[in-house]
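Accompanying notes for the structure given below.
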Amino acid sequence: MPSDAHMDRNLALEAVRVTEAAALAAFQFMGRGDDIQGEQAAILAMRRALNGLAIAGTVVIGEGEDGDDVAIPPGLLVGSGEGPALDLAVNPLEGATIAALGGPNAISAVAMASKNGLLAVPPIYMEKIAVGGGLPADVVSLDASPAENLKALSRALGTDVADLTACVLDRPRHEMLVAKIREAGARVMLIQDGDVSGVVATAEPMSGVDIYLGVGGATEGILAAAALRCVGGQMQGRLAPRSSEERAQALALGHTDPDRIFTIDDMAAGEVMFAATGVTSGSLLRGIHRLGSGAVTHSIVMRSQTGTVRRIEAHHRPNGSVPGPRGRA
């Protein structure tokens, strides 16, 4: 593949092999109560798989810091060095704690974008709002109240506010937000973890999620924005540092305006690809299922260039091979 080639469908499907590898590694520790081992296994598997890709990749959103024994830190160069120059955002195991407990919505995810296409953010909090595709531009806003956003969304969808469901992380910091959503007349779907899945679920017609609201991880926000960008969704984010140290981290990456609202195009620009594999079942993906001595994975891959969304079921033999045309990624 020439170095100036765009992200073709072959590369997009190869990225699924990366998330499959991480998810399968994490699944070995699913339900065993040890989130550290599961996350470390996913990191090591994803890093090995990334280095098998024909890309000149630079990690923009990573896991861990440079110098950690087990990490995919920002700035790390991955891939063979031959192929398109791309920025990457990775989350080897989103929802490490819920995976350790056997809970829903644990996934492995990776996003790739044209060089300088992904917004670099520190591992702090971000205020987020997201809706799916096919809606008027700027239908929701972080500067509007929950009631205003729900009314605007109901008008755009041609439905009542009472028919809308908002996905929110189940955290004490969201008690007032949840109360306002319910006061406006909408339903609330509380999730324990996995806000990448929660955001992306707004673009899935069968998920039952119409809007995502609340404060979650900033790095997860970039991954979610990449996925929504592929399918024409809308998302806004605003960094929410909680301390002087976190504000300094934001400043170090050039974020000088604490009130700036980032659009989806700010967070994920150019050609974008997103892939994810379920570790445990949730609103976006089914989890891994043991089949004899092998396993079955369920993944999703999206490309902004075509707007294509593919769902892939792969059957893995114990030696790691994938049998039959049905399971080929």
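One is the number of the first residue; the rest follow in order along the sequence. Side chains are part of it too, since the values below use all heavy atoms of this structure and drop only hydrogens, waters and symmetry mates.
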Subject >> Side chain to side chain, Val200 and Met302, heavy atoms closer than 4.5 Å >> reply: yes
Original post:
Glu39 versus Pro92: any side-chain heavy-atom pair under 4.5 Å?
Top reply: no
Which side-chain N or O atoms in residues 248-258 pair as donor and acceptor under 3.5 Å with protein atoms at least two apart or in another chain?
from, atom 1, to, atom 2, distance (Å)
His255, NE2, Ala120, O, 2.8
Asp257, OD1, Asp259, N, 3.0

Subject >> Pairing of Glu14 and Arg17 as salt bridge, 4.0 angstrom limit >> reply: yes
Non-hydrogen atoms of [X] and [Y] that approach each other most closely:
| X | Y | answer |
| --- | --- | --- |
| Gly198 | Val209 | O-CG1, 4.2 Å |
| Ala240 | Glu246 | O-OE1, 4.4 Å |
| Gly221 | Lys128 | N-NZ, 3.6 Å |

Subject >> Sequence-distant partners of Thr58, side chain to side chain donor-acceptor pair (under 3.5 Å), two or more places apart >> reply: Lys115
How long is the span from the [atom1] atom in [X] to the [atom2] atom in [Y], to the nearest 0.5 Å?
| X | Y | atom1 | atom2 | value |
| --- | --- | --- | --- | --- |
| Thr277 | Leu93 | OG1 | CG | 12.0 Å |
| His316 | Phe27 | NE2 | CZ | 11.5 Å |
| Ile181 | Met189 | CD1 | CE | 12.0 Å |
| Leu223 | Leu228 | CG | CG | 11.5 Å |

